[in-house]
Amino acid sequence: MLDNLPRGTICIEEMEIGMSRYVLKTITDLDIELFAQVSTDRNPVHLDDDYAQDTIFAGRIAHGMLTASLISAVIGEQLPGHGTVYMGQSLKFLAPVRPGDTVEARVTVADIIHAKRRVALDCECRVGDKVVLKGEALVLAPSNKFD
């Protein structure tokens, strides 16, 4: 995966509204197969070319949650990073991701509630200029005072 900053932790005291981090990942057939194995979601729209040709997608697509997992990667590795605890996530799937697509998963700080160590994050995944997933996350952020 490619990203804009090294892995680690940004503590809540160092965060600012508008701060953003991302990863880029090209989704491969192996990624889809491994996700199907781990999740036990073996829907043929993800795994069977012939079946998927006859769907509204006219071809195989990646699991939506595989795409969403890239948001988790940004949150858990970069912003806020190590020590972050997920509290909630909303997702809207807007377009399919296909094998071979390069997804940019971006997380942006929308609100900071210092007293409760909560950070609200806007989340978005794109393939090129097309938004394929949007959502919001609420996390408990690491703090220099407690961690």
Side-chain angles (χ1 to χ4, degrees), residues 1-12 14-113 116-143:
M1 275 194 279
L2 301 173
D3 54 48
N4 59 333
L5 284 177
R7 308 292 195 252
T9 304
I10 300 173
C11 290
I12 194 167
E14 301 158 357
M15 284 185 216
E16 298 175 9
I17 292 175
M19 183 179 280
S20 182
R21 298 291 183 270
Y22 71 89
V23 297
L24 293 170
K25 168 114 176 75
T26 300
I27 303 299
T28 66
D29 288 327
L30 181 59
D31 293 326
I32 294 168
E33 291 168 17
L34 291 172
F35 193 86
Q37 183 177 353
V38 168
S39 69
T40 70
D41 177 354
R42 303 202 54 81
N43 184 328
V45 75
H46 307 303
L47 303 169
D48 184 327
D49 286 316
D50 292 333
Y51 176 90
Q53 281 300 326
D54 293 332
T55 68
I56 62 170
F57 303 111
R60 286 189 313 114
I61 61 170
H63 300 75
M65 294 309 288
L66 172 56
T67 303
S69 74
L70 299 177
I71 292 169
S72 179
V74 178
I75 291 171
E77 292 287 338
Q78 293 185 34
L79 182 63
H82 300 172
T84 302
V85 177
Y86 244 119
M87 299 185 72
Q89 176 80 59
S90 70
L91 300 169
K92 291 182 183 176
F93 299 94
L94 304 172
V97 172
R98 299 182 183 282
D101 283 350
T102 298
V103 176
E104 177 188 303
R106 181 174 295 273
V107 170
T108 304
V109 175
D111 193 22
I112 304 168
I113 307 159
K116 294 187 175 188
R117 292 177 52 193
R118 308 287 196 271
V119 179
L121 302 163
D122 289 331
C123 307
E124 185 176 88
C125 292
R126 292 179 170 267
V127 173
D129 291 333
K130 185 173 194 110
V131 176
V132 298
L133 183 154
K134 287 180 81 166
E136 291 128 19
L138 181 65
V139 300
L140 178 65
S143 170

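Remember, it's a predicted structure, so these values are computed and weren't measured experimentally.
- Here the CD atom belonging to Gln53 is positioned 10.0 Å from the CG atom belonging to Asp48, to the nearest 0.5 angstrom.
- Thr26 places no side-chain N or O within 3.5 Å of a backbone atom of Gly100 that could act as its donor or acceptor partner.
- Shown here for Ile32 and His46, the closest heavy-atom pair between the two residues is CG2-O, 3.4 Å.
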- request: Go through Phe93 and Met65 one step at a time and tell me if the side-chain contact (heavy atoms from CB on, under 4.5 Å) criterion holds.
  value: CA-CA 9 Å; Phe93 299 94; Met65 294 309 288; 3.9 Å; yes
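- Side-chain atoms of Asp41 come within 3.5 Å of backbone atoms of Asn43 as a donor-acceptor pair (strictly under, hydrogens ignored).
- Expressed to the nearest 0.5 Å, how far CD of Glu77 lies from CZ of Arg21 amounts to 13.5 Å.
- Summarising the geometry, atom CD1 belonging to Ile12 is positioned 12.0 Å from atom NZ belonging to Lys116; distances are rounded to the nearest 0.5 Å.
- Side chains of Leu66 and Val97 form no contact here, defined as non-hydrogen atoms less than 4.5 Å apart.
- For the atom pair Glu124 CD and Arg106 CZ, the distance stands at 8.5 Å (nearest 0.5 Å).
- Using a distance-only test at 3.5 Å, with no hydrogens or angles considered, a donor-acceptor pair links the side chain of Gln89 to the main chain of Glu136.
- Between Pro142 and His82, the closest heavy-atom pair is CG-O, 3.4 Å.
- Note that the CD1 atom of Ile61 and the CD1 atom of Ile56 stand 8.0 Å from one another [nearest 0.5 Å].
- Within the 4.5 Å cutoff, no side-chain heavy atoms of Leu133 are placed close to those of Leu70.
- Minimum interatomic distance between Leu79 and Val107 (heavy atoms only, all atoms of both residues): CD2-O, 3.7 Å.
- Relative orientation of the Phe35 and His63 rings is tilted, given thresholds of 30° and 60° on the angle between their planes.
- Panel note: side chain Arg60, backbone Val45; no donor-acceptor pair is recorded below 3.5 Å.
- In this structure, the side chains of Leu94 and Val132 stay at 4.5 Å or more apart for every pair of heavy atoms.
- Closest of all the heavy-atom pairs between Leu121 and Val119 is CD2-CG1, 3.7 Å.
- In terms of heavy-atom proximity, Arg126 sits nearest to Asp129 at NH1-O, 2.8 Å.
- Checking side-chain atoms of Thr28 against main-chain N and O of Asp31 turns up a donor-acceptor pair under 3.5 Å.
- A distance-only check finds no donor-acceptor pair linking the side chain of Thr108 to the backbone of Ser20 [under 3.5 Å].
- Checked against side chain to side chain contact (heavy atoms under 4.5 Å, CB included), Leu140 has the following partners two or more places apart in sequence or in another chain: Val85, Met87, Arg117, Arg118.
- Using modelled atom types, one side-chain atom of Arg98 and one backbone atom of Phe57 make a donor-acceptor pair closer than 3.5 Å.
- Between Ala105 and Val74 the shortest heavy-atom distance is O-CG2, 3.5 Å.
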